[in-house]
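Since the structure comes first, as C-alpha cells, the remarks are kept for the end.
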Amino acid sequence: MRVLVLGGTGEARALAAALHEHPGHQVVSSLAGRVREPRLPVGEVRVGGFGGPDRLAEWLVAHHVDAIVDATHPFAERISASAVLAARAVGRPLLVLRRPGWTSRSGWHWVDSLDQACAVATSLGERIFLTTGRQGLAAFAGSARWFLVRCVDPPDPPLPARARLLLDRGPYTVDGERALLREHRIDVLVTKDSGGSLTSAKLDAAEEVGLPVVVVRRPAPPDAAVVESVDQVLAWLRR
Ligand SMILES: NC(=O)c1ccc[n+]([C@@H]2O[C@H](COP(=O)([O-])OP(=O)(O)OC[C@H]3O[C@@H](n4cnc5c(N)ncnc54)[C@H](OP(=O)(O)O)[C@@H]3O)[C@@H](O)[C@H]2O)c1
C-alpha cells in the first residue's frame with residue numbers, strides 16, 4: 001500500500017518512521033517547504049505545495065497513492081481542506097492525525113484569531129512574548145508594545161516596530177523558558193493551541209511565575225475522520 005503523509009510535524013515524522021518499518025507499506029512524506037532546514041522524516045520525501053486540490057488529486061493518481069494521512073499542524077487549514085477535496089475527488093481514503101489540544105489552565109485567555117490575541121495581550125501587559133510562528137505577525141505590527149518574537153526562520157514583514165527576534169526551534173525546557181521570561185521581563189505569553197509536549201515548557205514556566213497566557217483556539221478540524229496517535233493510524237491502515 002502506498003501512503004501519502006502530509007507532514008511538517010513531529011507526529012508526521014513518527015508516522016513515517018513507523019510505516020518505514022512496516023512491511024507492505026510504502027510511504028512518501030510531503031513538506032510545504034517553508035522551513036529552510038526542515039527536520040526530515042525517514043523514507044521518501046517530496047517538498048513544495050501541490051498547486052491546490054485539483055493538482056493534489058492529479059498527484060495522488062499519478063503517484064498511485066492508496067491512502068492519505070493528513071498529519072499537518074492543527075493550524076495548517078489550507079492543505080487540510082485541499083486533502084479533503086482531493087481525496088474525495090479521486091475516491092482515496094483520508095485520515096487526519098491530530099495531536100490533542102492543551103488543557104486550559106488558570107490565567108489563560110482564549111481567543112479566536114491573532115487579531116484578538118493582539119487586542120487581549122496588549123491589554124494585559126507591556127512586554128509580550130509571541131510564540132505563534134512566523135506567519136500572521138502582521139496582526140501585531142500596529143502595536144506600540146515591546147515584543148519578543150520566537151520562530152524557526154525569520155518572519156516576513158510587517159513586524160511590530162519594537163521587536164526582538166529569537167530564532168529557535170525547540171524542544172524547550174521549563175528551566176530555559178523560565179530564564180527567558182525573566183531575562184526579557186515578559187508580562188504576557190501568546191501561543192496557538194498547538195498541543196503536544198515539544199513546545200509546552202513555556203506554559204509550565206508561565207504558570208510557575210504567574211504570567212497570563214493568551215491562547216489562539218484551533219480552527220475547526222477538517223471534514224474527515226480524525227485520530228490522535230500513530231498507533232491509531234496503523235490500525236486504520238490495517239483495516
Ligand atoms: N501553521 C502553523 O502554525 C504550523 C506550525 C508548525 C508546522 N506547520 C507545518 O508547516 C506547513 C505549512 O503550514 P501552513 O500553516 O502554511 O499551511 P497551510 O496554510 O495549510 O498551507 C498553505 C499551502 O502550503 C502548501 N502546503 C502546506 N502544507 C503542505 C504539505 N505538508 N505538503 C505540501 N504542501 C503543503 C499547500 O500548497 P498548495 O495549495 O499549492 O498545495 C497549501 O495550500 C504544514 O506542513 C504544517 O504541518 C505549520
Side-chain angles (χ1 to χ4, degrees), residues 3-16 19 27-41 43-63 65 67-90 94-99 101-102 111-114 117 130-140 149-156 167-172 190-200 202 214-224 226 230 233:
V3 183
L4 172 66
V5 176
L6 298 169
T9 60
E11 291 74 25
R13 288 190 294 277
L15 175 61
L19 289 175
V27 58
V28 52
S29 296
S30 175
L31 302 179
R34 295 283 157 69
V35 178
R36 269 192 217 155
E37 289 176 30
R39 289 184 176 130
L40 289 175
E44 191 181 334
V45 179
R46 67 160 301 283
V47 180
F50 293 93
D54 294 347
R55 299 288 92 72
L56 173 55
E58 287 167 13
W59 196 97
L60 295 173
V61 173
H63 291 80
V65 170
I68 307 134
V69 181
D70 170 8
T72 58
H73 191 270
F75 283 80
E77 279 184 275
R78 276 164 53 201
I79 188 65
S80 291
S82 216
V84 170
L85 294 173
R88 268 187 206 147
V90 297
L94 166 70
L95 185 67
V96 179
L97 170 59
R98 281 283 181 282
R99 66 182 88 138
W102 286 316
V111 296
D112 287 318
S113 66
L114 290 175
L130 275 187
T131 63
T132 50
R134 62 193 278 260
Q135 299 187 72
L137 293 176
F140 301 87
V149 178
R150 183 168 70 188
C151 38
V152 177
D153 285 324
D156 296 325
L167 298 181
D168 203 352
R169 76 182 332 166
Y172 306 101
V190 182
T191 180
K192 290 174 174 170
D193 180 18
S194 299
S197 58
L198 286 184
T199 59
S200 63
K202 62 190 174 191
V214 178
V215 187
V216 183
R217 274 192 196 89
R218 293 179 171 197
D223 186 11
V226 182
V230 167
V233 178

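Both backbone and side-chain heavy atoms feed into the values below; hydrogens, waters and symmetry mates do not. Indexing begins at 1, ligand by ligand and atom by atom, following the structure's order.
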Quick one: nearest non-hydrogen protein atom to atom 41 (O) of ligand 1, plus distance?
F50 N, 2.7 Å
Give the residue and atom name of whichever protein heavy atom lies nearest to atom 23 (C) of ligand 1, and the separation in Å to one decimal.
R34 NH2, 3.5 Å
Please check if any side-chain donor atom of S30 sits under 3.5 Å from a side-chain acceptor atom of R46, or the reverse.
yes
Does even one non-hydrogen atom of S82 get within less than 4.0 Å of ligand 1?
no
Would L31 count as a contact residue for ligand 1, given that I'm defining contact as a non-hydrogen atom of the residue lying under 4.0 Å from a ligand atom?
yes
Considering only the protein, which heavy-atom contact is closest to atom 26 (N) of ligand 1, and what is its distance?
A32 CB, 3.6 Å
Determine yes or no for a side-chain-to-main-chain donor-acceptor pair under 3.5 angstrom, with R99 supplying the side chain and G195 the backbone.
yes
Considering only the protein, which heavy-atom contact is closest to atom 25 (C) of ligand 1, and what is its distance?
G49 CA, 4.0 Å
Which heavy atom of L4 sits nearest a heavy atom of W59, and at what distance?
CD1-CZ3, 3.9 Å
Any non-hydrogen atom of G51 lying under 4.0 Å from ligand 1?
yes
Check the orientation of H73 and F75. Use parallel for under 30°, tilted for 30 to 60°, and perpendicular for over 60°.
tilted
Return the closest protein heavy atom for atom 6 (C) of ligand 1 as residue, atom name and distance.
H73 CD2, 3.3 Å
contact_flag S194 ligand 1 heavy-atom lt 4.0 Å
no
Just by modelled atom types, is the D193 backbone N or O under 3.5 Å from a matching donor or acceptor in the R218 side chain?
yes
If you look at every heavy atom in A87 and L94, which pair is closest and at what distance?
CB-CB, 3.8 Å
Give a yes or no on whether a salt bridge exists between R150 and D168, defined as a side-chain N under 4.0 angstrom from a carboxylate O.
no
Validate the cation-pi geometry between R169 and Y172: distance from NZ or CZ to the six-membered ring centre under 6.0 Å, angle to the ring axis within 45°.
no
Numbered atoms of ligand 1 (with element) below 4.0 Å of E77, judged on heavy atoms:
20 (O)
N or O pair under 3.5 Å between S80 and ligand 1
no
Work out whether the distance between some heavy atom of R55 and some atom of ligand 1 is less than 4.0 Å.
no
Quick look: R46 vs ligand 1, heavy-atom contacts under 4.0 Å, and the answer is side chain
Can you tell me which residue and heavy atom of the protein come closest to atom 36 (C) of ligand 1, and the distance to 0.1 Å?
I79 CD1, 3.9 Å
T72, any N or O under 3.5 Å of ligand 1 N or O:
no
Just to confirm my output: which protein heavy-atom neighbour is closest to atom 15 (O) of ligand 1, and how far is it?
A76 CA, 3.5 Å
Can you check whether G196's main-chain N or O pairs, donor with acceptor, with W102's side chain at less than 3.5 Å?
yes
May I ask you to decide if I79's main-chain N or O and S82's side chain share a donor-acceptor pair within less than 3.5 Å?
no
Run down the list R78, Q135, R134 and name the one with the heavy atom closest to atom 20 (O) of ligand 1.
R78
Are any non-hydrogen protein atoms located under 4.0 Å from atom 10 (O) of ligand 1?
no
For S30, take its heavy atoms, then give the atoms of ligand 1 lying under 4.0 Å from any of them.
30 (C), 31 (N), 32 (N), 33 (C)
In terms of its nearest heavy atom to atom 45 (O) of ligand 1, the top option of A83, G8, G7, P74 is G7
Below 3.5 Å, N or O to N or O, backbone or side chain included: is there any such pair between G52 and ligand 1?
yes
Of all the atoms in ligand 1, which lie at a distance below 4.0 Å from a heavy atom belonging to K192?
1 (N), 2 (C), 3 (O)
